[in-house]
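Computed over heavy atoms, backbone and side chain alike; hydrogens, waters and symmetry mates excluded.
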Protein chains: 2
Amino acid sequence: MPDLSSRQVSQLPPLQAIRVFDAVARHLSFTKAASELAMTQAAVSYQIKVLEERVGAPLFLRRPRQIVLTEAGQRLAPAVGEAFAILGQAYAAARAGADGLLCVTTVLTFASNWLAHRLGSFQIAHPSLAVRLETSSRMTDFAREDVDLAIRSGGGKWPGLEAHKLLDADFTPMLSPKLAASIGGVNEPADLLRLPILDPGDIWWTEWFSAAGVHSHDLARRPGSSMGAQAYEANAAIAGHGVAILTRALFKAELADGRLIQPFDLVGDDGHAYWLVYPEARRNVPKIRAFRDWLLAEIAC
Amino acid sequence: MPDLSSRQVSQLPPLQAIRVFDAVARHLSFTKAASELAMTQAAVSYQIKVLEERVGAPLFLRRPRQIVLTEAGQRLAPAVGEAFAILGQAYAAARAGADGLLCVTTVLTFASNWLAHRLGSFQIAHPSLAVRLETSSRMTDFAREDVDLAIRSGGGKWPGLEAHKLLDADFTPMLSPKLAASIGGVNEPADLLRLPILDPGDIWWTEWFSAAGVHSHDLARRPGSSMGAQAYEANAAIAGHGVAILTRALFKAELADGRLIQPFDLVGDDGHAYWLVYPEARRNVPKIRAFRDWLLAEIAC
DNA sequence: ATGACCCATAAGGAGGCTTTATGCCGGACC
DNA sequence: GGTCCGGCATAAAGCCTCCTTATGGGTCAT
């Protein structure tokens with residue numbers, strides 16, 4: 001079978017010279033080609049000479065008022081024009097395509113509790129941008145996945161990435177009002193231990209109870225879900241299945257309409273936060289800038 | 001109407017980077033592409049990075065054992081391959097075409113009296129070379145005419161051109177035996193003046209008569225043809241219309257078979273000669289080398 | 001005859017491209 | 001589970017291509 005995976009290097013011409021040849025062949029003028037290419041006429045002359053040496057034949061006849069293509073030039077010019085047309089089109093399409101599809105991965109919680117409600121306004125503001133939203137618990141590696149931006153939680157320091165803090169990942173217990181009423185109301189932190197604790201292995205529980213001055217060493221032994229995603233725990237809490245420890249900013253709506261209540265003002269904060277991240281090098285890519293600017297503005301509201 | 005004569009420069013990608021991208025996309029490996037392109041893996045990495053910055057999006061995902069094309073890369077790769085295929089083919093064709101057609105201009109005399117008889121052996125020796133033979137009295141300007149080699153007479157010094165001496169342009173009177181018999185034989189130079197002199201304005205006549213010690217100041221006043229091409233004068237001489245002054249080497253055949261006779265051993269030589277010339281810069285073009293080598297070998301016989 | 005236009009050429013310089021050298025990461029293989 | 005290996009990334013340094021400036025030659029037009 002023919003070896004499609006190789007291409008003889010020697011059969012490809014010097015590309016810079018070919019680009020110049022294309023311009024000259026269209027204008028039939030070194031000077032005009034030079035101005036199109038934004039270089040000097042001398043440079044054009046040089047490149048044509050180089051190409052003529054490589055081809056082994058003159059490509060233009062130098063007539064007094066104008067130049068004309070030799071036979072060799074006539075054979076070459078149409079193909080070169082076609083090749084550059086294809087190239088230019090594909091390159092432009094790649095740039096446009098690269099500008100037209102925005103791929104964002106986020107942690108599930110942020111997607112469902114914050115982003116989902118607001119993404120519409122971004123789409124309206126940028127109708128030419130298609131957004132592909134993926135949720136993933138893995139930390140995305142921009143070198144391995146075809147992703148433009150990510151929203152993740154963490155400390156905010158990742159090498160090679162630019163990070164903007166979106167929300168502090170604070171945490172405080174939340175539960176449904178009905179569940180609270182079922183034990184006659186939750187009046188002090190220790191009351192919570194009388195209820196099912198959702199994801200009791202979460203370090204947040206330990207930290208919060210300790211901050212609240214409540215002994216809770218038996219937490220890890222409790223049966224629990226360890227779902228690890230606030231959205232799931234929140235749904236369980238709303239359904240009255242137990243107490244969840246959640247980030248306030250992500251459940252403003254639920255707290256406001258009473259689906260969840262926050263029984264204590266005490267809020268834990270381990271310094272983690274939700275961050276918007278993307279490769280430093282792509283800081284100025286238009287679609288990335290657009291999403292970043294929109295998201296930071298929304299957050300500021 | 002669309003301006004077909006211009007092409008936005010900005011829409012063309014950096015070509016060297018594109019060439020590298022093509023190789024990488026085919027191999028799906030930086031290292032293998034580097035070896036195809038005969039450069040280092042680091043250089044490939046650099047070029048891909050450059051292109052990715054220009055496109056505004058990553059083109060490859062770096063996975064542990066291999067790389068894969070991103071969406072942007074997948075859009076770009078087929079078109080790039082196609083463009084290079086067209087380019088490579090056209091370039092190869094131009095080179096081959098340039099090698100396949102040999103264009104020679106010669107002065108008429110040399111063509112008809114020397115070259116015509118022998119060109120066949122060149123064609124046999126180089127069956128892949130098509131020869132286009134043009135005759136022209138003008139001195140060909142290689143910058144203005146699509147010509148590979150020229151045969152011309154002169155002093156052998158032309159700037160920018162390489163010249164090989166073919167024949168000395170000596171000269172001596174010749175005529176048909178019948179014409180000589182018509183005046184009872186040509187026994188001494190002055191006898192010639194009793195016959196029609198073909199092209200009497202030719203400086204060669206003056207020089208030859210003067211070398212022969214014959215007074216000939218009335219030559220220029222004689223009616224004559226001044227055709228300026230030996231082939232014509234030779235034909236007239238063979239037909240018995242007069243005496244021509246010709247170069248021996250070009251009429252060996254006619255002298256041998258008696259269509260012409262050379263009545264005197266005295267031969268003039270003004271230092272001119274027939275030369276094979278071609279642009280110095282194209283000294284090593286295969287077809288030029290082939291023709292030159294063949295012609296010089298033929299001459300040496 | 002002189003000016004205008006166009007291409008060719010030489011010399012000089014900047015920067016893109018390449019190489020060398022090294023690091024990092026992940027997988028494979030004991 | 002440590003070590004090796006394969007593959008890409010990165011930094012520094014040198015080269016060489018390519019471009020510019022400057023000038024010349026040749027032709028056509030005024």
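Regarding B/Arg19, its CZ atom lies at a distance of 15 Å from the C1' atom of C/dG16, rounded to whole Å. As a whole-Å value, the separation of B/Ile48 CD1 from C/dT18 P is 11 Å. D/dA9 atom P lies 13 Å from atom CG of B/Leu51, rounded to whole Å. Nucleotide D/dC18 holds its C1' atom 14 Å from the CG atom of A/Leu15, rounded to whole Å. Atom-to-atom, CD of B/Gln66 to P of C/dG26 comes out at 16 Å; the value is rounded to the nearest Å. Regarding B/Leu28, its CG atom lies at a distance of 16 Å from the C1' atom of D/dG6, rounded to whole Å. The separation between A/Phe30 atom CZ and C/dC6 atom C1' is 10 Å, rounded to whole Å.
Note on ring orientation: taking the six-membered ring where Trp is involved, the planes of B/Phe60 and B/Phe21 are tilted (angle from 30° to 60°).
Contacts of B/Thr31 with the nucleic acid, taken as non-hydrogen atoms under 4.0 Å apart, involve only primed sugar atoms and P, OP1 or OP2.
Of the residues near DNA chain C, A/Arg62 and B/Val50, the one whose nearest nucleotide (by heavy atom distance) lies more toward the 5' end is A/Arg62.
By the 6.0 Å and 45° rule, B/Arg289 does not stack over the aromatic ring of B/Trp294.
A donor and an acceptor atom, one from each side chain of B/Gln230 and B/Thr247, are located under 3.5 Å apart.
In summary, the aromatic rings of B/Phe122 and B/Phe291 are positioned with their centroids under 6.0 Å apart. For A/Tyr274 and A/His164, the ring centers are positioned 6.0 Å apart or more.
A/Leu149 pairs with exactly one of A/Thr105, A/Val277, A/Leu102 by the side-chain contact (heavy atoms from CB on, under 4.5 Å) rule, that one being A/Leu102.
With respect to the salt-bridge test (charged N to carboxylate O, under 4.0 angstrom), the residues A/Arg62 and A/Glu52 qualify.
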Distances for protein N/O vs nucleotides 24-30 of chain D N/O pairs under 3.5 angstrom?
unit_1 : atom_1 : unit_2   : atom_2 : d
D/dG26 : O3'    : B/Arg144 : NH2    : 3.4
D/dT27 : OP1    : B/Arg144 : NH2    : 2.9

Which atoms of nucleotides 19-22 of chain D (N or O only) lie under 3.5 Å from a protein N or O atom, and what are those distances?
unit_1 : atom_1 : unit_2  : atom_2 : d
D/dC19 : OP1    : A/Gln16 : NE2    : 3.2
D/dC19 : OP2    : A/Gln47 : NE2    : 2.6
D/dT20 : OP2    : A/Thr40 : N      : 2.7
D/dT20 : OP2    : A/Thr40 : OG1    : 2.9

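No more than 12 heavy atoms of other residues, nucleotides or ligands sit less than 6.0 Å from atom CD of B/Gln89. Atom CD of B/Glu134 sits in a crowded spot, with more than 12 heavy atoms from other residues, nucleotides or ligands closer than 6.0 Å.
Using a 4.0 Å cut-off, some side-chain N or O of B/Lys49 falls inside it from OP1 or OP2 of D/dT10.
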